[in-house]
Amino acid sequence: MTEKAADRKPLLSKKIDKFFTGLADAWNFVRRFFKEVFMPPYEFKEVIHQCYRIGVESLPLISLTGFIVGIVFTNQSRPSLSEFGATSWLPSLISIAVVRAMGPLVTALIAAGKVGSSIGAEIGSMKVTEQIDAMEVSATNPFKFLVVTRVIATTLMIPILVMYTDFVALMGSFLSVSANEKVSMTTFFVQVFESISFLDITSSVLKSLLFGFTIGIVGCYKGYNSSKGTEGVGRAANAAVVMAMFLIFIEELLVLQIVNAIRAF
Amino acid sequence: MEDKVVEIRGLEKSFGDLDVLKGVDLDLYKGENLVVLGKSGSGKSVLIKIMVGLLKQDEGLMKVLGKEVSTLKTKDLNELRLRIGFSFQNSALYDSMTVRENMEFPLVRNIKNLTKKEITMKIEGLLDSVGLPQSINQMPSELSGGQKKRIGVARTLILEPEIMLYDEPTAGLDPITCGEINTLITQVREEYNTSSIVITHDLTCAKETGDRVAVLLDGQFDAVGTFEEVFPNAEDKRIKSFYDYNFINS
């Protein structure tokens, strides 16, 4: 007779055991993703469909947010710089802030809220209504169709959205700058590109890839492991957002340390 | 003796402290409609989920079409699954896809080299046979409960399974639609030459669709036989109350 899970005594305490079991589950989920992503059959059509949903359908929200961030950040920075008569440095300051940190972070946080929650809720509701079981009994791998496609789509689309956010935020900043100082668009963007380095752009793109992967995998993991009916679906969506945001901040901190170390080197 | 398509021996399954199946024995013969009856939570659905490898038994043998399900590798399990149709309690239609896409989904992933025309013909033929040809471009949210069940059955039939498993096919439906679903189950057996297990607690469904019925009580089959052998003169109080509630009280 196999040993029942309930008969096993907890190794440390129930809560600590549950935490480590959860970590092991999450690790196995990530491992399974990397195992299945390279194995045929490939669901190209579904990847494109998900890219459209994640990328194109996020554009209005991202545009508005990026634009406002650009304007607000410029307006907030102007008084400090004008005290030193350094308002001409605004394009440089904004470009560094937007490309290095604010663009990726703002986009990732918005995507975690919009895309992460929708992935968590969608897969969670498919789980509780047995749609995932239905895929499995029809000899289709639901992990490949639902998880792999969505994670690939978020990983590919977030860097593109980040670059778009950077552009929109810089446009917002330009409008704010040109309304107060006499600066042409060419002068503004020459100053912007003079201030940012190749390392800034590559680190921003690589960081965005990591953020995209995190948003996708966390949303899928929470949805795929949801239970307890509709209440579980709500919890999955909520947990997907909270966990993804938390991990994004940690990743931002780690990437910053690595990039600073490279810069110093 | 007729051919056995499913053979279950000493099957046990527990969830934590709860023993659901306690040594179940059952056979399903080729071409037969077997109805499994039992109270809610008695383990009826667990039994058919073990059959398709969605759950794993703790002990015992589950042989489907000559293969022990729990020992199969993913590839072999998927090959076996193609020979089994599973109609879910809530239909489990993919709610982001139209009826056509729902039916295409298992087909295009498992049968290669089909032309678009062949796929459409197959889908239209099946929708015709379940009486819903007009629903092809509808979303699941636009269908009634009975229509969803019919589409669910059509989706499982698209891979031409040898065994059909129906999980509570009449649950939550009005008596007229229940009658239509019961007719559909019988019609599927005749047209597609399937063997079926129908999981239900609806005795009318059992009477109309089953060649044999098996009553699952306290984790074991208490009575197995034709409806007339098991029910009208049942001596076991639990089986008798089951019959009385369905045919006398209601």
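Here is the naming used below: chain letters follow the sequence lines, and residue numbers restart at 1 for every chain.
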Measure B:Leu77 against the heavy atoms of chain A and call it side chain, backbone, both or neither at under 4.5 Å. neither
Quick check against the 3.5 Å criterion: does A:Lys127 have a side-chain atom that pairs as donor or acceptor with the backbone of A:Tyr224? yes
Whether the side chain of B:Gln220 engages the backbone of B:Lys22 through a donor-acceptor N/O pair (distance < 3.5 Å, no angle test) should be reported. yes
Among residues 47-54 of chain B, residues within the sub-4.5 Å heavy-atom range of chain A, in order of number, are B:Lys49, B:Val52, B:Leu54
Heavy-atom neighbours of A:Phe29 CZ exceed 12 at 6.0 Å: yes
Could you check whether A:Glu231 pairs with A:Arg235 (Lys NZ or Arg NE/NH1/NH2 to Asp/Glu carboxylate O, under 4.0 Å)? yes
Any chance CZ of B:Phe15 has more than 12 other-residue heavy atoms, nucleotides or ligands included, within less than 6.0 Å? yes
Distance only, no hydrogens: is a donor on one side chain within 3.5 Å (strictly under) of an acceptor on the other, for B:Thr209 and B:Asn33? no
Max heavy-atom pair count under 4.5 Å with chain A, selected residue of B:Ile84, B:Leu82, B:Asn110, B:Asn90: B:Asn110
Between A:Thr214 and A:Glu251, a side-chain donor and acceptor under 3.5 Å: yes
